[in-house]
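Proteins come first, then strands; the chains are lettered A, B, ... in the order of their sequence lines, and each starts at number 1.
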Amino acid sequence: MIEFHGVHKSYRVGDRTVPALRPIDLTVRAGEVFGLIGHSGAGKSTLLRLINRLEEPSGGRIVVDGVDVTALDAAGLRRFRRQVGMIFQHFNLLASKTVADNVAMPLRLAGELPRRAIERRVEELLARVGLADHAGKYPAQLSGGQKQRVGIARALATEPKILLCDEATSALDPQTTVQVLRLLAEINRELGLTVVLITHEMDVIRRVCDRVAVLDKGEVVEQGPVTEVFLHPRHPTTQGFVQEAEHVDPQACQEALARAPGRVVRLTVLGAATYAPLLGTLARETGIDYSILEGRIDRIKDTPYGQVTLALEGGDFEAALARLRAAGAHVEVLR
Amino acid sequence: MDELFRNVDWYEIGLACLDTLLMLGGSLLFTVLLGLPLGVLLFLTGPRQLFENRPLYAVLSLVVNALRSLPFIILLIVMIPLTVLLTGTSLGVAGAIPPLVAGATPFFARLVETALREVDRGIIEAVQAMGATTRQIVLRALLPEALPGIIAAVTVTAITLVSYTAMAGVVGAGGLGDLAIRFGYQRFQTDVMVVTVVLLLVLVQVLQTIGDRLVLRFSRK
């Protein structure tokens with residue numbers, strides 16, 4: 001759907017060129033929610049803006065649905081941009097226009113629909129984002145979450161195939177963030193829209209994304225399904241993001257681990273297995289004693305998962321490992 | 001009352017008011033008509049803007065700064081040949097309007113440029129992302145968003161023009177300021193001075209109040 005082939009970007013600062021993005025190869029699949037995570041300055045915002053060419057790449061090709069976006073002329077680019085909706089951290093609504101006029105704007109600029117049809121479409125869109133009663137208000141009269149809903153309705157106006165989200169929830173409080181993310185997931189599901197979002201919060205990735213790429217200093221250091229990257233982070237940057245999202249204090253974990261008796265393993269289960277009575281069965285069948293050092297049961301998008309660090313004592317350790325693996329758990333022996 | 005304003009010829013004052021208003025209205029109209037596009041052009045060709053063009057911006061900037069640095073009284077005289085060409089006369093209200101416009105347009109254009117720069121870049125980006133042309137960005141997003149700032153700029157310019165009109169007496173344009181200088185100052189008729197100054201003060205107050213009301217009316221922040 002969206003393919004990056006060796007795309008790179010550098011800026012000229014005086015007579016030096018500063019690389020912002022190293023050559024990047026990425027593929028976003030049709031209909032998925034793809035997350036880009038990175039610290040500020042990692043280049044994620046630039047990468048996102050390359051897709052609709054709000055930023056021009058220094059080299060490489062970006063192909064969307066078989067069309068080389070990097071080769072489009074001005075008119076072609078404008079047509080292409082109508083197929084790509086975008087929402088922003090600071091909403092970027094026009095303060096001088098009402099909610100309805102903001103949402104109608106992309107349609108009026110395109111100039112393809114008659115007035116009546118635009119009005120109907122705006123009504124539909126506002127109903128979808130739950131703002132039907134606010135059509136005549138001005139953005140300044142809305143809360144942050146409502147403003148972002150207007151942003152989403154506006155981005156959907158031209159029935160785009162792709163929705164780009166630029167830190168769409170970073171300016172919102174946690175509760176509103178969850179609501180906006182739920183709306184995005186709903187839109188992705190119901191409209192089959194491909195969503196690319198950037199964020200610096202792993203929690204956002206965990207809640208809505210199917211796949212994720214981790215950007216660090218202009219490079220993709222890790223990518224894959226969120227279940228994989230989130231539960232088995234390999235790169236230090238990714239590990240940092242996951243620990244932050246899980247509120248894990250690495251030092252406290254190390255200490256707990258050092259004090260624990262016997263062997264220490266990390267157990268990861270995904271899907272229905274998460275709710276199976278795994279540990280009780282294990283203790284009964286292999287005579288092993290376990291204590292939970294640290295862990296959590298949660299969801300990654302729609303997939304339940306459990307990840308616990310266990311200290312195992314007594315009984316047959318090898319048999320216990322085999323039993324866990326047979327039950328579909330991923331086991332890492334830490335000590 | 002009559003004793004107090006012994007030297008005041010109220011008919012003369014009335015004519016002067018009319019002249020001032022005519023000069024103000026005429027010159028403000030042309031200043032806005034010329035200054036608004038110039039301000040937009042300054043903005044668009046400025047550093048890191050949509051049509052960034054260093055040489056053009058440098059030239060426009062230079063012309064604007066040159067006109068702004070020229071004392072209005074000099075401009076008034078230097079422009080006489082051009083004024084005659086444009087209006088057929090260098091005298092009276094008609095003769096005063098071209099130099100007034102020439103003096104106020106660069107000032108107004110700079111204010112417009114500043115008002116446009118106040119518009120959040122994110123808004124331009126959002127409208128670009130919708131597939132807007134540059135023309136649409138300017139007409140449908142930038143100008144509406146900057147409208148309160150532009151109205152404030154018109155207000156400030158109008159008030160500046162009021163003080164410029166006082167000097168237009170040099171070319172026989174008349175007006176309140178001219179009356180104040182010729183009678184109030186040069187002939188020591190303090191009463192004429194007081195009346196004209198009070199009238200000018202009232203005019204400025206009215207302009208500022210109207211401007212402020214309009215800014216408030218169009219501000220949605």
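- When atom types are taken as modelled, the side chain of B:S163 and the backbone of B:T160 share a donor-acceptor pair closer than 3.5 angstrom.
- In this structure a side-chain-to-backbone donor-acceptor pair under 3.5 Å is missing from B:E113 to B:A109.
- The CG atom of B:L199 sits 5.5 Å away from atom CG of B:L176, with the distance rounded to the nearest 0.5 Å.
- Side-chain contact between A:V69 and A:I51 is absent, with no heavy-atom pair separated by less than 4.5 Å.
- The structure places CG of B:L41 at 5.5 Å from CG of B:L56, a figure rounded to the nearest 0.5 Å.
- Residues of residues 78-89 of chain A lying under 4.5 angstrom from chain B, judged on non-hydrogen atoms, are A:R78, A:R81, A:R82, A:V84, A:M86, A:F88 in numerical order.
- A side-chain donor-acceptor contact under 3.5 Å links B:E145 and A:S96.
- With a 4.5 angstrom heavy-atom cutoff, A:L54 touches chain B only via side-chain atoms.
- Counting only heavy atoms from C-beta outward, the side chains of B:L214 and B:V154 never approach each other to under 4.5 Å.
- Using a 4.5 Å cut-off between heavy atoms, A:L93 touches chain B through its backbone atoms (N, CA, C, O) alone.
- Counting heavy-atom pairs closer than 4.5 Å to chain B, the top-ranked of the candidates A:R154, A:Q141, A:R53, A:H90 is A:R154.
- No hydrogens or angles considered: a donor-acceptor pair under 3.5 Å links the side chains of A:S45 and A:R49.
- Taking 4.5 Å as the heavy-atom cut-off, the residues of residues 105-131 of chain A that approach chain B are A:M105, A:P106, A:R108, A:L109, ordered by number.
- Within the 4.5 Å cutoff, the side chain of A:V208 has no heavy atoms near those of the A:V195 side chain.
- Counting heavy atoms of neighbouring residues, nucleotides and ligands inside a 6.0 Å radius, atom CZ of B:R68 exceeds 12 of them.
- Proximity of A:F34 to A:L197: side-chain heavy atoms (C-beta onward) are nowhere separated by under 4.5 Å.
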